[in-house]
S.K.: 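Below you will find the structure I want to go over with you.
These numbers come from a predicted model, not from an experiment.
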Amino acid sequence: MKTHSPHVTPPEVPMRGEETIHYALRRCSLGLALIAVSEKGVCAILLGDDAEALREDLRRRFKKALLIEDADGGALVGAAIAMIETPDIHVGFPIDARGTDFQKRVWTALRAIPPGQTTSYAEIARRIGSPKATRAVGSAIAANPVAVAVPCHRVLRSDGALSGYHWGADRKRALLAREKALLPRHVA
DNA sequence: TATTCCTGTCCTG
DNA sequence: CAGGACAGGAATA
């Protein structure tokens with residue numbers, strides 16, 4: 001039995017200079033999604049099948065932050081889920097993708113690819129002004145922390161092969177098929 | 001066709 | 001700190 005305390009000390013209190021990140025786990029058409037939100041916006045969208053594996057992934061990416069799981073998650077989480085389910089929707093929420101300058105340049109280039117369209121690693125390398133860094137571009141794309149909203153699934157190999165996907169090739173295929181289906185335009 | 005090199009970042013020893 | 005591995009791709013042998 002619990003006595004009525006005037007104030008309960010939370011299990012975790014942010015230390016000085018420590019960042020707080022709220023996140024929520026939600027089911028979606030791609031499986032399980034973990035959406036994490038910082039003060040600046042959505043800082044991670046991770047896809048998978050196992051909740052604990054996703055939490056671990058988040059922990060690995062934000063080692064120094066205080067991570068708080070919310071049952072609900074709030075408006076940004078809802079917006080993120082809606083965006084996942086509807087690829088042609090405008091990404092209307094702020095994205096707080098963290099990485100090196102090179103990675104941020106790559107991710108910015110990705111966001112310029114419209115839904116239903118694809119490009120190649122080499123093209124991205126050209127567009128950011130490092131035409132010979134195609135391999136490094138692949139690594140940078142693989143490190144993208146914000147799935148779907150930063151559309152790394154729209155990058156294929158120059159020879160047309162699907163190439164890889166951090167969250168599983170099936171999800172990449174599913175996203176591309178969905179976007180293609182939503183295109184009312186000419187196909188050929 | 002099979003190597004080799006280029007490039008940025010992370011992981012390991 | 002050195003070396004290897006990566007969601008690539010062009011050049012060279």
Side-chain angles (χ1 to χ4, degrees), chain A residues 18-19 21 23 25 28-36 38 40-67 80-81 83-85 87-88 91 95-183:
Chain A
E18 195 177 53
E19 182 187 20
I21 289 174
Y23 70 95
L25 287 156
C28 67
S29 58
L30 295 173
L32 203 53
L34 187 158
I35 293 122
S38 72
K40 293 189 158 190
V42 175
C43 59
I45 297 178
L46 315 178
L47 304 176
D49 300 299
D50 178 58
E52 191 45 46
L54 288 178
R55 291 189 190 99
E56 196 175 318
D57 192 355
L58 187 69
R59 250 176 267 133
R60 184 171 47 79
R61 291 171 190 266
F62 299 93
K63 290 183 168 73
K64 303 171 128 178
L66 174 63
L67 305 175
I81 290 293
M83 183 271 315
I84 289 173
E85 303 299 355
D88 65 341
V91 179
I95 293 176
D96 179 22
R98 302 170 194 191
T100 64
D101 284 347
F102 180 82
Q103 288 169 332
K104 282 188 269 194
R105 255 181 284 139
V106 169
W107 300 336
T108 298
L110 294 188
R111 293 173 66 183
I113 312 168
Q117 197 168 318
T118 61
T119 186
S120 68
Y121 297 91
E123 174 58 29
I124 295 294
R126 261 176 261 132
R127 198 167 304 179
I128 65 170
S130 306
K132 288 191 284 193
T134 52
R135 181 100 188 225
V137 163
S139 298
I141 292 177
N144 165 37
V146 192
V148 191
V150 176
C152 54
H153 58 280
R154 295 181 194 140
V155 186
L156 309 180
R157 239 162 52 179
S158 287
D159 62 13
L162 185 70
S163 189
Y165 193 58
H166 186 75
W167 291 287
D170 288 338
R171 292 194 173 93
K172 187 171 186 175
R173 260 189 294 273
L175 282 165
L176 291 174
R178 185 185 300 177
E179 296 189 358
K180 184 179 168 190
L182 282 185
L183 277 189

S.K.: Between A:A33 and A:L47, which heavy-atom pair has the shortest distance, and what is it?
M.R.: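 Closest approach of A:A33 to A:L47, heavy atoms only: CB-CD2, 3.9 Å.
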
S.K.: Distance check, rounded to the nearest 0.5 Å: A:I124 atom CD1 versus A:S130 atom OG?
M.R.: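 One finds 12.0 Å between CD1 of A:I124 and OG of A:S130.
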
S.K.: Within residues 52-62 of chain A, which residues have any heavy atom lying less than 4.0 Å from an atom of DNA chain C?
M.R.: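 Contacts with DNA chain C under 4.0 Å: none.
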
S.K.: So if I take residues 140-174 of chain A and measure heavy-atom distances to DNA chain B, which residues fall below 4.0 Å?
M.R.: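 Nucleic-acid contacts, sorted: none.
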
S.K.: Taking all atoms of both residues into account, what is the closest heavy-atom pair of A:L25 and A:A51, and its distance?
M.R.: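 Looking at all heavy atoms of both residues, the shortest contact is CD1-CB, 4.0 Å.
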
S.K.: Got a second to check how far A:I45's CD1 is from A:L54's CG, nearest 0.5 Å?
M.R.: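 Atom-to-atom, A:I45:CD1 and A:L54:CG are 12.5 Å apart.
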
S.K.: Can you list the residues that meet the side-chain hydrogen bond (donor to acceptor under 3.5 Å, both in side chains) rule with A:R55, with sequence neighbours excluded?
M.R.: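 Partners of A:R55 by the side-chain hydrogen bond (donor to acceptor under 3.5 Å, both in side chains) criterion, ordered by chain and then number, come out as A:E52, A:E69.
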
S.K.: Distance check, P atoms only: B:dT7 and C:dC1, in whole angstrom units.
M.R.: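 Rounded to whole Å, the distance is 22 Å.
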
S.K.: Are there any protein N/O atoms within less than 3.5 Å of an N/O atom in nucleotides 11-13 of chain C, and if so, which ones and at what distance?
M.R.:
none

S.K.: Rounded to the nearest 0.5 Å, how far apart are CG of A:L175 and CG of A:D170?
M.R.: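 A:L175 atom CG to A:D170 atom CG measures 11.0 Å (nearest 0.5 Å).
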
S.K.: Provide the distance between the two C1' atoms, one in B:dT1 and one in C:dA7, to the nearest whole Å.
M.R.: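 These two C1' atoms come out 24 Å apart once rounded.
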
S.K.: Not counting sequence neighbours, which residues clear ring pair (Phe, Tyr, Trp, His ring centres under 6.0 Å) with A:Y165? List them please.
M.R.: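 Only A:W167 meet the ring pair (Phe, Tyr, Trp, His ring centres under 6.0 Å) criterion with A:Y165.
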
S.K.: Mind checking side-chain hydrogen bond (donor to acceptor under 3.5 Å, both in side chains) for A:S163 and listing every partner two or more places apart, or none if nothing turns up?
M.R.: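 Scan of A:S163 (side-chain hydrogen bond (donor to acceptor under 3.5 Å, both in side chains), adjacent residues dropped) gives A:Y121.
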
S.K.: Who passes side-chain hydrogen bond (donor to acceptor under 3.5 Å, both in side chains) against A:D50, sequence neighbours left out?
M.R.: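 Scan of A:D50 (side-chain hydrogen bond (donor to acceptor under 3.5 Å, both in side chains), adjacent residues dropped) gives none.
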
S.K.: Please round to the nearest 0.5 Å and tell me the distance separating atom CZ of A:R173 and atom CG of A:L162.
M.R.: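 Going from CZ on A:R173 over to CG on A:L162, the span is 5.5 Å.
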
S.K.: What is the minimum heavy-atom distance between A:I84 and A:C28, and which atoms define it?
M.R.: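 Smallest interatomic distance, heavy atoms only, reads CG2-SG, 4.3 Å.
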
S.K.: Which residue, A:R171, A:K172, A:E179, forms the side-chain hydrogen bond (donor to acceptor under 3.5 Å, both in side chains) with A:H153?
M.R.: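 For A:H153, the side-chain hydrogen bond (donor to acceptor under 3.5 Å, both in side chains) check succeeds only for A:E179.
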
S.K.: Below 4.0 Å from chain A heavy atoms, what is the first contacting nucleotide of DNA chain B and what is the last?
M.R.: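 Taking any atom under 4.0 Å from a heavy atom of chain A, the span is B:dC6 to B:dT9.
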
S.K.: Under a 3.5 Å cutoff on both atom distances, Watson-Crick or G-U, what's the dot-bracket for DNA chain B ([ ] crossing, | other strand)?
M.R.: ||||||.||||||

S.K.: Let me confirm one number: the CZ-OG distance from A:R98 to A:S38, rounded to the nearest 0.5 Å.
M.R.: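 Here the interatomic distance stands at 4.5 Å.
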
S.K.: Please enumerate all residues that pass side-chain hydrogen bond (donor to acceptor under 3.5 Å, both in side chains) together with A:E56, with sequence neighbours excluded.
M.R.: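 Expected list: none.
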
S.K.: Which side-chain N or O atoms in residues 102-112 of chain A pair as donor and acceptor under 3.5 Å with protein atoms at least two apart or in another chain?
M.R.:
residue, atom, partner, partner atom, Å
A:Q103, OE1, A:T100, N, 2.9
A:Q103, OE1, A:T100, OG1, 3.4
A:W107, NE1, A:A140, O, 3.0
A:T108, OG1, A:K104, O, 2.9

S.K.: Cut-off 3.5 Å, side chains only: do A:R178 and A:S29 have a donor facing an acceptor?
M.R.: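 Short answer, yes.
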
S.K.: When rounded to the nearest 0.5 angstrom, what is the spacing between CD1 in A:I113 and OG1 in A:T119?
M.R.: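 Here the interatomic distance stands at 5.5 Å.
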
S.K.: Within residues 111-137 of chain A, which residues have any heavy atom lying less than 4.0 Å from an atom of DNA chain B?
M.R.: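 Heavy-atom contacts with DNA chain B come from A:K132, A:A133, A:R135, A:A136.
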
